[in-house]
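Reviewing the structure listed below.
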Amino acid sequence: MEPRTGLILVGLGDLAALGSGVLIGLVLGLVGGGGSILALPLLVYAVGLRSPHMAIGTAAVGVTANALASLAGHAWARNVKWRCAGVFAAAGVVGAAIGAEAGKAFDGGRLLTLFGLVMIGVGLSMLRRRRRPEFPGVRLTRASARELLPRLVPAGLGVGLAAGFFGIGGGFLIVPALIAATAMPVEIAVGTSLVVVSALGLTTAASYALSGLVDWRIAALLVVGGMAGSAVGIAAGRGLSAHKGLLEKVFAAVVIVVGSYVAAKNAWG
C-alpha cells in the first residue's frame, strides 16, 4: 500500500508541474511576462518544492525555455524590436548576475514575502493609465540613440537586478519598462520583452544551476507544459490585440491577487 501511495503522490506532483508549465507558457505567450512571477508560487505551493531557492532556480530554467518558445512566435509575427531588446538585455544581464548572487544569500521566507510585496506594487502600477502616446515605429538608430539609450540602459539594469534577485524572467517588469522608455505599443513590447526574459532567465538559471539549486525533472515538465501553453497564449493574444487595455488590467489583477497571497502566507508564517 505504501509504495502505491508514493507513486500516486509522485504522479500528482508531476501533473502539477506539467499544469504549471501550461499556465506559465500561456501567460508568457499572451502578455510576454508574468510566467515567472507565477512560476515561483506554483512551484512552492502547487508542486511542493519546499526550498524557495530550489524553486527559484527551477523556475528560471523552465521560464527561460518557455520564453524562447514564445519568442519564436512573436518574431514570426514581427512583434520584436531587436535593437531595443538587445540594449535592454545587455544591461539586464549585468544586473541579473549581481542580483542572483544577492538572492541566494537572502533568507528564503523573507525573500518570498518581499517577492509578494513587489508583485502587488507592480500590479498596482500597471493599472495606472499611461498618458504618453504610442509610437509603433520606434527604432534604435544613431539619430534616436541619444534619446533612447539613457532610458533603456538604466531600466534594463534595474529590471535585471530584480530579476536576478528574485530568480524571475522579469517580463512583468520589462513590458511596462519598455513602454515607458520607448512608447512602443503593448503588443510589440510583449514580443520584445521575450528577448530580455530569455537573456535574464538564462543568466539567473546558470547561476542557480552552478549552485545545485535546480530540480531538472520538474524543470523539464515545466518546459513541456509551457510549449503547449505558449502556442495557445500567442493565438489568444492575436485575437485580443484590439483589447490592449483589457489584457493589461487582467494581467495586473492576477499579479496583485497572487502577490497578496504570497506576501500574506509568508508574513504570517
Side-chain angles (χ1 to χ4, degrees), residues 13 16-17 19-24 26-28 30-63 66-67 92 95-96 98-128 155 158-177 180 193 197 200-201 204-205 207-208 213-215 218 222 247-269:
S20 297
V22 172
L23 182 57
I24 292 166
L26 177 65
V27 175
L28 278 169
L30 185 61
V31 297
S36 55
I37 205 170
L38 295 177
L40 181 54
L42 284 170
L43 287 176
V44 173
Y45 303 119
V47 179
L49 290 182
R50 295 185 178 181
S51 166
H53 294 104
M54 182 68 75
I56 287 173
T58 304
V61 173
V63 169
N66 290 335
I98 298 171
E101 293 304 314
K104 286 185 290 186
F106 207 76
D107 175 74
R110 293 181 179 179
L111 186 64
L112 286 175
T113 301
L114 185 58
F115 182 73
L117 294 175
V118 169
M119 288 178 70
I120 296 171
V122 171
L124 290 173
S125 69
M126 291 186 68
L127 290 176
R128 297 174 57 187
V159 169
L161 284 168
F165 185 75
F166 292 114
I168 55 178
F172 71 103
L173 294 172
I174 297 166
V175 172
S193 74
V197 170
L200 300 189
T204 304
S207 177
Y208 275 78
L213 294 172
V214 174
D215 186 321
I218 297 299
L222 289 178
L247 278 176
E248 292 184 351
K249 288 179 180 178
V250 171
F251 179 38
V254 172
V255 169
I256 292 171
V257 170
V258 176
S260 299
Y261 175 80
V262 173
K265 184 174 180 63
N266 287 276
W268 295 339

Which pairs would a plain distance check flag for residues 46-53, meaning a side-chain donor or acceptor within less than 3.5 Å of a matching protein atom at least two apart in sequence or in another chain?
{"residue": "Ser51", "atom": "OG", "partner": "His53", "partner atom": "N", "Å": "3.4"}
{"residue": "Ser51", "atom": "OG", "partner": "Met54", "partner atom": "N", "Å": "3.1"}
{"residue": "His53", "atom": "NE2", "partner": "Gly103", "partner atom": "O", "Å": "3.3"}
{"residue": "His53", "atom": "NE2", "partner": "Phe106", "partner atom": "O", "Å": "2.9"}

What's the shortest heavy-atom distance between [X] and [Y], and which atoms?
| X | Y | value |
| --- | --- | --- |
| Val61 | Val214 | CG2-CG1, 3.8 Å |
| Leu200 | Ala96 | CD2-CB, 4.1 Å |
| Gly164 | Thr204 | CA-OG1, 3.6 Å |
| Ala17 | Leu222 | O-CD2, 3.4 Å |

Is Ser193 reaching over with its side chain to a backbone N or O of Ile174, donor-acceptor style, under 3.5 angstrom?
no
Would you confirm whether Lys104, through its side chain, and Ser207, through its main-chain N or O, come within 3.5 Å as a donor-acceptor pair?
yes
Separation between CD1 (Ile98) and CG (Leu161), nearest 0.5 Å, reads 6.0 Å
